[in-house]
Amino acid sequence: MVKLVVDSIEIEVAPGTSVLQACELAGKEIPRFCYHDKLSVAGNCRMCLVELEKSPKPIASCAFPVGEGMIVRTDTPMVRQARRGVMEFLLINHPLDCPICDQGGECDLQDQSFAYGMDHSRYSENKRAVTDKYLGPLVKTIMTRCIQCTRCIRFATEIAGVSELGATGRGESMEIGTYVERALTSELSGNLIDICPVGALTSAPYAFVARSWELAKTDSIDVLEALGTPIRIDTRGPEVLRILPRADDDLNEEWMADKGRFSFDGLKRRRLDRPWVRRDGKLVAATWQDAFGAIAARLRGVDGARIGAVAGDLCDAESMVALKDLLAALGSQNLDCRQDGARLDASRRDFYVFNAGVAGIEEADALLIIGSNPRHESPVLNARIRKRYLAGRFPIGVVGPGAALTYPASFLGDAPSVLTSLHDGSHDFATMLQEAAKPMILLGQGAVARADGAAVLAAAWRLADAVGALKPDWHGFNMLHTAAARVGALDLGFVPGSDGLDLDRMMGGGVDVLWLLGADEFDTGRIGADTFVVYQGHHGDRGAARADVILPGAAYTEKDGTYVNTEGRVQRAWRATFAPGEAREDWRIVRAFSDVIGQTLPYDDIGAVRARLEHVNPVFARVGLKRFGAGDRGGPQGDPAALSADPFVAAIGDYYQTNPISRASLTMAECSRTYAAPRALAAE
Amino acid sequence: MADQEFPAEPARFVFDTQSEAEIAKVLARYPQGKQASAVLPLLWLVQRQMARQTGSAWLPRGAMDVVAHRLEMPPIRVYEVATFYLMFNTKPVGRYHLQLCTTTPCWLRGSDDLVAACKKVAGIRAFGETSADGLFTMTEVECLGACVNAPILQINDDYYEDMDGELTVALLERLQRGEAPPAPGSMIGRQTSAPVGGATTLLDAAPRTAQPVTE
Ligand code: SF4
Ligand code: FES
Ligand code: FES
């Protein structure tokens, strides 16, 4: 430990800490533009100057390591004067267009110039102007505002793993951009908006929409993928205007994926805002009473075994437990949440969660990815893998579709048989796993959503066990989900009961009445022609198109809800806006319907539903994540020898179009177009 | 530096055998895995080859991509280097690249006359322009480090020193006639950077060698 004094406060810090970090530990705020604690140190803005005793000049604290006995002063006339000088230089070429700048109100440059700026400019020459750059449909650029801190370049290169941004030219003609006018090929590009300390990189969909102080802020969870990134929903009146990540070092650090950030315009389009009932083959608008009446009438006399329910990918745990209870009351055990047909084994929790946790990736020392493209299935988790890769000595093997990841990985083949050769040690990569102290197996839905999924699951578990990934202090078996609702659904048992039907067997007339709770991700054409379909959800998507009765529900921004992410972390989201029109919170809809058929569910408020959840599975009692090692090494059902020869295929086709909200979003549609057919170069 | 206007590119850039031989030599200088260090020499080789093949020493963007690929580095890192150094031309230049130093010493010694002469003979109006016949491109450069023989006109790789307006006109006209450029160096017969007209000091010092110095 190194001892130093900051403004007469004595502190002890680890060697290698920078003076800036030490000052922060001492409770001193140091202004900065280029320094960002998740990025490498550039030391080029000079805003973080502090005075160091015995040093003739002020030092850039972000790039200066601490030394024993240093005496640092962060607030002397010399420091203030130095920072004022830096600020004056930064503003020489800055347009000072705050009134028309979207960063206004949340701009580091604005805030700092409040503290260190001059009230007038001594620079009467012409300011430089820089042409704006094209970075894709999400990030808007006004490059004249850029102060060349290079945070964006470092983010793209280090975190996103796409070395496409750079600084070309030099001196006054230095410009930040891609040089070739091509959209950034990153699913994390929205984070550039957050890290740019000025208004050079701003959100394109949010351009000129609102000022930060006009917005109401609500904490929520991103449910468009299974990582459960904590988010903040910014609203004005009834409208969601933007979504930003909240920081959680254990989960997303500070990052967020583009789909979750930019899909919200889909919340205003194709919404189901009133009940509909199909009459003579056509959907007609109805009242809640009519809709409930139609369902109740159809249910009359139907045997419980002929009723089924499917839960979708965006559902909150409350609505799923209510629907499960309703079906139980009707005498049905035909439940399924695995729309993609994933052969998940719900009998034990560690068979279906990401046991090591996202933070655990950093502890791992070898990784095998099976049937997954983490870059598309969870860009933020993928960034963690890249972070671990950058730390060095991290062999990564991929069994499955060879996709462009953001780190080098050895492609071991796309056939399930590779798992067998890894297990018997005949494959070279097996030694990598065996020699690792904490090997990690990452199993994607592409590996289990197939006919031999149970065999793949068992084979992966057997491999994990064989290479020593299942230890009391390390659980190296990790399932990466694509659906936010999936783990919660498995936790509360939204799977067929002992003699219940699964999704496959409910198709083709397997049931007479099918209740779809936001289920849009399977081929609704497989539903039997005579099956009566109730669709409860928020978007007029595939499920609603097939429905006989539509019950308008609430999207994730419009209800309080509990979600369980792929790690098994229980998370809470709060309501940011009201659902449109007559749409209602989903668990209330189910509860109200239960009343109509005289099977009233025993809960009247969300607290009681949550108590019920807790009763069904105690994991719901505790928000957060507790990591466990592998207690029981016994594997999931399935015969590891029954692997087929079919190659693994990707679980996600188009990253930007994976659920009803993103499919309704114009921004996401634009992204799809851009990235499916890369924009032609301007010169070609 | 505008990203938008890329000049017409050659359809394809491939290193020729002469360049390949040089590249092999250059790459051997760096340890395995550090090949990206060779980016400057490789870009320089591209520019040489372009001059050989097309008469214009410049870096097409496609060629920078070829360098990036060869050195296994992201293209943007090559663009950054290429646009940083003035010795790399990211736009085509004429067969003779007139690089005029206008920094203070050259300016005091009459670089304005050189600029005027270049404009007149080449028929161009400003720095950065190329003459209609594609022979000359005029670029303004900072101190070339040869101030003692100011003013300096650099044509491609060679320095023409002690220039003035008339000498410049004569030189460019000669190039226009298709004659080979003269030998570089002082244009008024000065020996290296010795005083004009010969030695002015130490005239009476005895020669240190037994042999008398012969002119
Ligand atoms: S665009 Fe923003 S983040 Fe990038 S260098 Fe400029 S100011 Fe920094
Ligand atoms: S924050 Fe230290 S130099 Fe920019
Ligand atoms: S000023 Fe022209 S060479 Fe130095």
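Proteins get letters first, then strands, A, B, ... in listed order; numbering begins at 1 in each. Please read these numbers as outputs of a predicted model, since none were measured by experiment.
- The aromatic rings of A:Tyr389 and A:Tyr407 are tilted relative to each other, their planes meeting at an angle between 30° and 60°.
- Panel note: side chain A:Arg151, backbone A:Tyr35; a donor-acceptor pair is recorded below 3.5 Å.
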Output side-chain donor-acceptor pairs under 3.5 Å for residues 191-200 of chain A, partner residues at least two apart or in another chain, one line each.
{"residue": "A:Asn191", "atom": "OD1", "partner": "A:Met256", "partner atom": "N", "Å": "3.0"}
{"residue": "A:Asn191", "atom": "OD1", "partner": "A:Arg261", "partner atom": "NH2", "Å": "2.9"}
{"residue": "A:Asn191", "atom": "ND2", "partner": "A:Leu188", "partner atom": "O", "Å": "2.9"}
{"residue": "A:Asn191", "atom": "ND2", "partner": "A:Met256", "partner atom": "O", "Å": "2.8"}
{"residue": "A:Asp194", "atom": "OD1", "partner": "A:Arg261", "partner atom": "NH1", "Å": "3.2"}
{"residue": "A:Asp194", "atom": "OD2", "partner": "A:Arg261", "partner atom": "NH1", "Å": "3.1"}
{"residue": "A:Asp194", "atom": "OD2", "partner": "A:Arg261", "partner atom": "NH2", "Å": "3.0"}

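- Proximity to chain B (any heavy atom under 4.5 Å) is restricted, for A:Leu165, to the backbone atoms N, CA, C and O.
- Remark: A:Arg170 qualifies as a cation-pi partner of B:Phe84 under the 6.0 Å distance and 45° angle criteria applied to the six-membered ring.
- The interface of residues 48-59 of chain B with chain A, defined by heavy-atom distances below 4.5 Å, is empty.
- By the 30° and 60° cut-offs, the orientation of the rings of A:His36 relative to A:Trp255 is parallel.
- In this pair, B:Phe136 and B:Tyr96 present their aromatic rings tilted. The plane angle is within the 30 to 60° band.
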